[in-house]
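Read the structure below first, then the notes.
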Amino acid sequence: MGLADAHGVEISPPAEVSYLHGGYGEMLPALEQALEGKGAGESVQLQLEPEQAFGEYDPQLLRVEPLGRYGEGVTVGMQIEEDSRRFTVTDVAGGSVVLDANHPLAGMALRARSIIALGEHAGRAMAKDILSYGIGTLVALGLVGVLVFLFVRDITQKKHSVLRNYPVVGRLRYFFEQLGEYFRQYFFAGDRDEMPFNRATRGWVYRLAKNEAGVIGFGSTYDLHQPGALIFVNHPFPLLEEERLPTPSLMLGEGYCREPFEARSIVNISAMSFGAISAPAVRSLSRGAAVAGCWLDTGEGGLSPYHLEGGCDVIMQIGTAKYGVRDAQGNLSTDRLLELSRVVKAFEIKLSQGAKPGKGGVLPGRKVTPEIAHIRGIAEGRDSISPNRHRDIANMGELLERIAWLRDLTGKPIGVKTAVGGWRFMNEMAEIIHRRGYEFAPDFLVIDGGEGGSGAAPQALADHMGLSIEEALPRVVDALLETGLRQRVRVVASGKLVTSAKAAWALCVGADFVNSARGFMFSLGCIQALRCHQNTCPTGVTTHNKRLQRALVVEEKYLRVANYAMNMNKEIDMIAHSCGVRHARELRREHVRIVQASGQSVALNMLYPYPEPKAKMKVA
């Protein structure tokens, strides 16, 4: 950077400026203003009148005279003697001559100060460059330090064998192992390969939820020769449009409770607690269920305001910890039950669930927010672990007595949710009901297959405990048919029944309704990230992190919930009509075939023949 005089002549100041003649005048303020916003390599030119530039000055040392006094030949650097003093011409501009008696370049003192100030300005820019270079260096040194720290830590730790032999680099193994599930889902796994739900199934649910219809092109990827594949028996002369009938609703508790419940939808929302899923998720389910006309099960976490927001039919589940219906001591509260009976349609006693039969519900402490703790009546931030059974229900007799007591107290239908491990449960229930009377029977049974899994569960139980719905549902329905209880007790099937084909199969077996949890989670936007228990759900469905919950927009998702329920019912009816029946409740076991290991299919009524009433009950 440089500084020029009024004639454009570059000024080279002395290396040091030890004094300034006269006053500062307006030179420095003007210079500061001119330097504003300038960078290195830019020039600045100031044109000031002498009085402005120098302010008050000693005329014995500095003089500003008219140019005409000396003639046109006066130039900068010329020596002139006046009043016994030798002056140096330091500037000729604007019709004036500047004379300085102190130093050959003294008249440039203020200009030299200007150059110094300008240099400081350039220096600041240069300092930024040096500093930015230094930050990069510091970052690089920091990374080297971290690598050295990790190297020492890995080579000295005793927990991981790979890291001891391959420090730092061995960490890539754990990194890619963690990312492997995502790579498999998006790049390597086929449409029918994944578990618990493959991409084709999830895509089917997404299309139903978006009201895009389950239409595909160029044929199905469903393997009709795979053991367990479902093949519905098409009728050669299916019903015409005008011959079809709307699927009728069914009553729960009719003739046995003061306020029976009319259930209108075949497909309903299975138990998912507020806590296990987020507030926006519960709100979307409540509002969507109201539009679709299906019920919403609260799960064992209690009734929250979000369940009631949409005005849908609500079934209140009573879990083993009795969240939402207990007093200060943790016992069942009659006052609370009566209060809830004014807003819910039915109560459901949960004995077990398919994800973890024999173990109570688990809500990790990181998901127990103050609001959830208040609703459940537990401590904030601590794991919410339910007992593995009801303390006041130790056998079948006590269960049925509790059912009759609850029905008499609330006037509402009372049901039971359980996973099934064999014939014993149903045989004992039927025997005691026949001995004590039909008023002791549950109004509905929710049979949860061992493949259920919307809740966090130990892998040993999730993988190996409880019969699958394919085996459990026929056993329960057969037991009710054998003992003459089928018309008294409604049957609800649950367990990976997220597509219309699976739901129609359940109706063929003998179920009256189908509950789905994960199907509705998919309709909310779930991508099967398998992070439900970690409070890090990326779609906001199972997290209480407000930032992550932003992904779930209630005003959009409740419509998808409603679409999914209504389109499921529509497709179930479509399958029924193709089988030659007027509506879905007329489906029977002869309408579906199951592919065996040999690759051949067998009609369901051959695999599970309808039992004769009053037949001798099986044991074990």
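Computed from a prediction, not measured in an experiment: that's the story for all the values here.
Ionic pairing of Glu470 and Lys502 is present here: one or more N-O contacts between side-chain nitrogen and carboxylate oxygen are shorter than 4.0 angstrom. Between Arg264 and Asp313 a salt bridge is recorded (basic side-chain N to carboxylate O distance below 4.0 Å).
In this structure, Ser601 OG and Leu230 CG are separated by 11.0 Å, a value rounded to the nearest 0.5 Å. Expressed to the nearest 0.5 Å, how far CG of Leu587 lies from CZ of Phe232 amounts to 7.5 Å. Summarising the geometry, atom NZ belonging to Lys417 is positioned 14.0 Å from atom CD1 belonging to Ile349; distances are rounded to the nearest 0.5 Å. How far OH of Tyr610 is from CG of Leu481: 8.0 Å, rounded to the nearest 0.5 Å. Taken from OH in Tyr323 to CD1 in Ile372, the straight-line distance is 11.5 Å, to the nearest 0.5 Å. Note that the CD1 atom of Ile315 and the NE2 atom of His307 stand 12.0 Å from one another [nearest 0.5 Å].
In this structure the side chain of Glu371 reaches within 4.5 angstrom of the side chain of Tyr306, judged on heavy atoms. The shortest distance between side-chain heavy atoms of Ser286 and Arg283 does not fall below 4.5 Å. The side-chain heavy atoms of Val491 and Leu480, taken from C-beta on, include a pair separated by under 4.5 Å. Side-chain contact check for Val291 versus Val561: every heavy-atom pair is 4.5 Å or farther apart. Put simply, the side chain of Arg475 does not reach to within 4.5 Å of the side chain of Tyr608, judged on heavy atoms. In this structure, the side chains of Ser578 and Pro238 stay at 4.5 Å or more apart for every pair of heavy atoms. Taking 4.5 Å as the limit, some side-chain heavy atom of Leu303 sits within range of a side-chain heavy atom of Val344. Contact check for Pro248 versus His583: side-chain heavy atoms found under the 4.5 Å cut-off.
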From CA spacing to verdict: side-chain contact (heavy atoms from CB on, under 4.5 Å), Val416, Leu351: CA-CA 7 Å; Val416 173; Leu351 297 183; 3.7 Å; yes
Candidate pair Asp443 and Lys412, rule salt bridge (charged side-chain N to carboxylate O under 4.0 Å, His left out), full reasoning: CA-CA 10 Å; Asp443 297 301; Lys412 301 290 185 177; over 6 Å; no
Audit row: Asp512, Arg486, salt bridge (charged side-chain N to carboxylate O under 4.0 Å, His left out) steps and yes/no: CA-CA 10 Å; Asp512 297 301; Arg486 183 64 189 86; 3.0 Å; yes
Check against salt bridge (charged side-chain N to carboxylate O under 4.0 Å, His left out), Arg173 and Asp154: CA-CA 13 Å; Arg173 174 187 183 275; Asp154 291 350; over 6 Å; no
Worked verdict on Asn268 versus Asp297 for side chain to side chain donor-acceptor pair (under 3.5 Å): CA-CA 8 Å; Asn268 300 280; Asp297 195 313; over 6 Å; no
Audit row: Glu556, Lys210, salt bridge (charged side-chain N to carboxylate O under 4.0 Å, His left out) steps and yes/no: CA-CA 10 Å; Glu556 167 68 19; Lys210 295 176 183 178; over 6 Å; no
Thr543 vs Asn535, side chain to side chain donor-acceptor pair (under 3.5 Å): CA-CA, chis, key distance, verdict: CA-CA 4 Å; Thr543 180; Asn535 201 35; 3.2 Å; yes
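Judged purely by distance below 3.5 Å, without hydrogens or angles, the side chains of Ser265 and Asn569 pair a donor atom with an acceptor atom. Using a 3.5 Å distance cut-off with no hydrogens or angles, the side chains of Gln317 and Glu300 do not pair a donor with an acceptor. Between the side chains of Trp204 and Glu571, at least one donor N or O lies within less than 3.5 Å of an accepting N or O.
Counting all heavy atoms, side chain and backbone alike, His544 lies closest to Gly275 at NE2-O, 2.8 Å. For the pair Ile527 and Pro538, the tightest heavy-atom approach, listed with the atom from each and the gap, is CD1-CG, 3.9 Å. The two residues Phe347 and Ile318 make their nearest non-hydrogen contact at CD2-CD1, 4.0 Å. When all heavy atoms of Val162 and Gly170 are compared, the closest pair comes out as CG1-CA, 4.1 Å. Nearest heavy-atom pair, Gly519 versus Val498, reported as atom, atom and distance to 0.1 Å: N-CG1, 3.6 Å.
For Arg488 (side chain) and Ala441 (main-chain N/O), a donor-acceptor pair under 3.5 Å exists by modelled atom type. A side-chain donor-acceptor contact under 3.5 Å links Gln596 to the backbone of Ile594.
Within the structure, the side chain to side chain donor-acceptor pair (under 3.5 Å) test picks out the following pairs touching residues 235-254 (sequence neighbours left out): Glu241-Arg244, Arg244-His577, Thr247-Asp573, Ser249-Glu262. Screening residues 269-281 for side chain to side chain donor-acceptor pair (under 3.5 Å) gives no qualifying pairs among residues at least two apart or on separate chains.
Residues Phe197 and Phe522 bring their aromatic ring centres within 6.0 Å. Aromatic ring centroids of Phe513 and Trp295 lie under 6.0 Å apart.
Residues satisfying the side chain to side chain contact (heavy atoms under 4.5 Å, CB included) test with Ala493, not counting sequence neighbours, are Ile469, Leu473, Leu497, Ala506, Ala511.
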